[in-house]
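One structure below.
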Amino acid sequence: MALELFDSKSQTLRAFTPLTAGHVEMYVCGPTVQSAPHLGHLRSALVYDILRRWLMVTDHTVTMVRNVTDIDDKVLVNAGSRDWREFAKEIEQNFDDAYLALNILEPTHKPHATEHIEDMINLTKKLINLGHAYQATDGSANVFFDTASWPNYGELTNQKLENMEGEEDATFGRKSPNDFALFKAHKADEPDTAAWKTPWGLARPGWHIECSAMAKHFLGESFDIHGGGLDLRFPHHENELAQSSAAGDRFANFWLHNALITISGQKMSKSLGNGVSVEDLEKAGSWGAIRYWLLSAQYRSNLDYSESSIRDAQAALDRIVGFLKRTTNTKQIEIDDQYLPSEFAEAMDSDLNVPGALAVIHERVRAGNTAFDSNNQEALKLCVEQVKAMVHVLGLTFAYQERRISEELTNQVNDLIQQRNAAKLAKDFARADQIRLELEEMGVTLKDMKDITMWSFNG
RNA sequence: GGUGGAGUGGCUGAGCGGCCCAAAGCAACAGCCUGCAAAGCUGUCAACCCACGGGUUCAAAUCCCGUCUCCACCUCCA
């Protein structure tokens with residue numbers, strides 16, 4: 001079986017074949033760095049991280065572009081009295097920190113909108129020449145896409161122009177309320193640094209033109225996959241498609257949209273202010289558990305966040321990690337993709353059915369534990385290799401890296417454990433229990449094994 | 001008004017015509033282990049009719065029609 005992906009433009013599951021055999025080019029809409037990341041942004045980035053990893057495992061090289069929109073109305077507003085460029089950089093760092101913590105791979109290219117103004121000007125010029133864009137009728141430096149000139153407008157989201165609500169307020173020189181800005185004229189109250197010289201006057205780019213220009217810059221006039229959150233489908237992606245195809249490009253072969261994260265059934269979003277922040281998440285569980293939880297629903301399904309969700313994920317992940325810890329030396333991890341079970345591959349090939357893939361991991365973990373307890377070395381080895389390979393594909397390997405604990409604490413704990421074991425041997429259980437309690441208060445959980453007492457620190 | 005999506009055990013969440021008397025996880029319960037625990041492992045439990053009502057089919061959670069409820073998008077959002 002080969003990979004099938006749900007293409008949201010055709011609204012069908014399609015067999016995925018790269019335009020160039022063995023090589024996949026994908027463009028993913030990254031964040032507008034206007035405020036700190038929340039769970040929803042992380043999910044989106046993670047979905048395409050998983051897709052990329054799976055493509056690589058199945059023998060593709062992957063060029064992945066994930067942009068940073070670092071100039072935008074909200075960036076300027078939220079920067080307040082600060083230099084917006086500095087502000088944007090800081091927010092971008094917040095995103096990068098979170099991506100790193102979640103073990104999301106760096107994209108091949110991470111272009112910033114402000115670095116590609118020239119590309120955007122060129123694309124806009126071309127659209128004007130082709131009669132698909134125009135400078136504002138009020139003589140300002142605003143430039144708009146002429147939706148009426150493009151009969152395919154609405155093709156991505158299956159909408160008809162006459163049914164659309166469009167901009168209702170002032171036109172700023174629009175011919176139609178449905179027309180959207182390619183460039184926005186510099187406003188007097190905005191910093192000079194947020195304006196570029198264009199053939200139409202001082203202006204800054206609109207949101208949609210950025211992605212069209214950057215995708216073309218790095219991937220050319222056609223590429224395999226365009227991804228992003230479901231809330232970007234319209235207008236952002238519809239407009240991207242209109243611009244690029246009106247300019248004569250074929251653009252994306254597949255459109256992928258990940259569903260959103262909800263909280264109490266309602267969409268998590270910047271505008272609603274109900275986002276779960278990185279700080280909140282770190283309190284709820286480990287980054288491994290967060291990654292696991294984000295993967296626990298297929299990417300086109302909503303995922304509802306609640307306080308217990310990360311905790312449940314932590315328990316499920318601990319089961320997998322615990323298996324590897326008790327059966328292998330986790331410091332030496334060699335991965336061999338040849339061990340991936342076919343059921344796992346089938347699940348991944350089926351529009352990235354990660355929950356199904358996780359089920360295969362758990363099934364193998366159980367088989368492995370059984371083999372371990374009955375000392376069936378041959379069966380155990382197979383299960384271990386399979387689990388390691390699967391966990392690696394999902395990027396969960398980092399979850400079982402050892403936490404760094406100070407030598408001082410280690411010695412102290414080992415000393416107390418020794419005292420406790422001595423007390424147990426002397427059948428002084430009151431003393432043994434007292435030490436156990438002491439350790440618990442330090443945040444140390446004991447694990448009495450057959451011959452040895454293991455411990456973990458959760459403080 | 002338009003365009004999409006969803007409703008599956010106590011909870012999360014796969015399955016999308018026969019392998020489904022429905023995967024997996026969490027929770028619960030039991031056993032193993034233990035001085036007793038915890039942790040860990042294993043097992044068991046759970047979906048009466050897979051939102052409701054019709055229909056198609058030899059066969060439906062899965063397809064069709066209708067109804068109800070919820071969510072998203074319609075020019076700020078991943």
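Naming: A, B, ... by sequence-line order, numbering from 1 per chain.
Taking atom C1' on both nucleotides, B:A23 is separated from B:G13 by 10 Å, rounded to a whole Å. Spacing of P atoms, B:C71 relative to B:A27, comes out at 30 Å, to the nearest Å. Rounded to a whole angstrom, the distance from the P atom of B:A61 to that of B:C52 is 12 Å. Taking atom C1' on both nucleotides, B:G5 is separated from B:A46 by 29 Å, rounded to a whole Å. The P atoms of B:A51 and B:G10 are separated by 14 Å, rounded to the nearest whole Å. A gap of 23 Å separates the P atoms of B:A59 and B:C48, to the nearest Å. To the nearest whole angstrom, the two P atoms, one in B:C29 and one in B:A38, are 11 Å apart. Atom P of B:C68 sits at a distance of 32 Å from the matching atom of B:C58, rounded to the whole Å.
Among the heavy atoms of the strands lying under 4.0 Å from A:Asn239 is at least one base atom, whether or not backbone atoms are also near. Across all strands shown, A:Asn258 has heavy atoms under 4.0 Å from base atoms, whether or not it also approaches the sugar-phosphate. A:Ile261 comes within contact range of at least one nucleobase, with a heavy-atom separation under 4.0 Å. In this structure, A:Asn163 reaches the bases: a heavy-atom distance under 4.0 Å links it to at least one base atom across the strands shown. Using a 4.0 Å heavy-atom distance criterion, A:Arg300 is classed as making no nucleic acid contact. Contact annotation for A:Lys424: base contact, defined as any heavy-atom pair under 4.0 Å involving a base atom. Within the nucleic acid shown, A:His38 comes within 4.0 Å of at least one base atom, counting heavy atoms only. A:Gln298 comes within 4.0 angstrom of the backbone, heavy atoms only, and of no base. Within the 4.0 angstrom heavy-atom criterion, base atoms lie near A:Ala359. Across all strands shown, A:Gly40 has heavy atoms under 4.0 Å from base atoms, whether or not it also approaches the sugar-phosphate. Looking at heavy-atom distances under 4.0 Å, A:Asp231 makes contact with a base. Across all strands, A:Ser301 comes closer than 4.0 Å only to sugar-phosphate atoms, never to a base (heavy-atom distances). Residue A:Ser296 is in sugar-phosphate contact alone, with no base atom involved, counting any heavy-atom pair closer than 4.0 Å across all strands shown.
Relative to the six-membered ring of A:Phe254, A:Arg14 meets both conditions, a distance below 6.0 Å and an angle of at most 45° to the axis. Under the 6.0 Å distance and 45° angle rule, A:Lys175 counts as a cation-pi partner of A:Tyr134. For the pair A:Arg204 and A:Phe183, the cation-pi test (distance below 6.0 Å, angle within 45°) is failed.
Under the Watson-Crick and G-U wobble criteria, each requiring two contacts below 3.5 Å, nucleotide B:C36 is left unpaired. Figure legend. B:G1 is base-paired to B:C74; pairs are counted as Watson-Crick or G-U wobble with both atom distances under 3.5 Å. Look at B:C68: its Watson-Crick or wobble partner, with both distances under 3.5 angstrom, is B:G7. Under the Watson-Crick or G-U wobble criterion, with both distances below 3.5 Å, B:C58 is paired with B:G18. In this entry B:A28 has B:U44 as its Watson-Crick or G-U wobble partner, both defining distances falling under 3.5 Å.
Put simply, the side chain of A:Asp448 and the base of B:A37 share a donor and an acceptor less than 3.5 Å apart. Residue-to-nucleotide contacts include no donor-acceptor pair under 3.5 Å from the side chain of A:Asp428 to the base of B:G35. Within 3.5 Å, a donor on the side chain of A:Lys74 pairs with an acceptor on the base of B:C76, or the reverse. Between the side chain of A:Arg436 and the base of B:C36, at least one donor-acceptor pair of N or O atoms lies under 3.5 Å. One can find a donor-acceptor pair under 3.5 Å joining the base of B:U75 and the side-chain atoms of A:Tyr153.
The distance between the ring centers of A:His237 and A:His208 does not fall below 6.0 angstrom. Centroid-to-centroid, the aromatic rings of A:His116 and A:Phe218 come within less than 6.0 Å. Taking the six-membered ring wherever Trp is involved, the centroid distance between the rings of A:Trp293 and A:Tyr305 falls below 6.0 Å.
Rounded to whole Å, the distance from CG on A:Asn369 to C1' on B:A39 is 13 Å. Atom pair A:Leu439:CG and B:A39:C1' shows a separation of 14 Å (rounding to whole Å applied). Rounded to an integer number of Å, the gap from CG of A:Leu324 to P of B:C41 is 12 Å. One atom, CG of A:Leu230, and another, P of B:C74, lie 11 Å apart when rounded to the nearest Å. Spacing between atom CD1 of A:Ile320 and atom C1' of B:G25 amounts to 9 Å, rounded to whole angstrom units. At whole-Å resolution of the value, CE in A:Met348 and C1' in B:A14 are 14 Å apart. Atom P of nucleotide B:C76 and atom CD of A:Glu210 are separated by 14 Å, given to the nearest angstrom. Atom P of nucleotide B:C76 and atom CZ of A:Phe234 are separated by 10 Å, given to the nearest angstrom.
Each of A:Asp433 and A:Asp72 has a nearest nucleotide on RNA chain B; the 5'-most of these lies closest to A:Asp433. Nearest-nucleotide positions on RNA chain B for A:His208 and A:Leu260 put A:His208 closer to the 5' end.
In this pair, A:Trp54 and A:Phe344 present their aromatic rings perpendicular. The plane angle is above 60°, beyond the 30 to 60° band.
Under a 4.0 Å N-O distance rule, the pair A:Arg174/A:Asp146 does not qualify as a salt bridge.
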- [ ] Might you work through the salt bridge (charged side-chain N to carboxylate O under 4.0 Å, His left out) test for A:Arg420 and A:Asp428, ending with a clear yes or no?
- [x] CA-CA 9 Å; A:Arg420 172 167 169 267; A:Asp428 183 358; over 6 Å; no
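The phosphate of B:A39 has neither OP1 nor OP2 within less than 4.0 Å of any side-chain N or O from A:Arg319.
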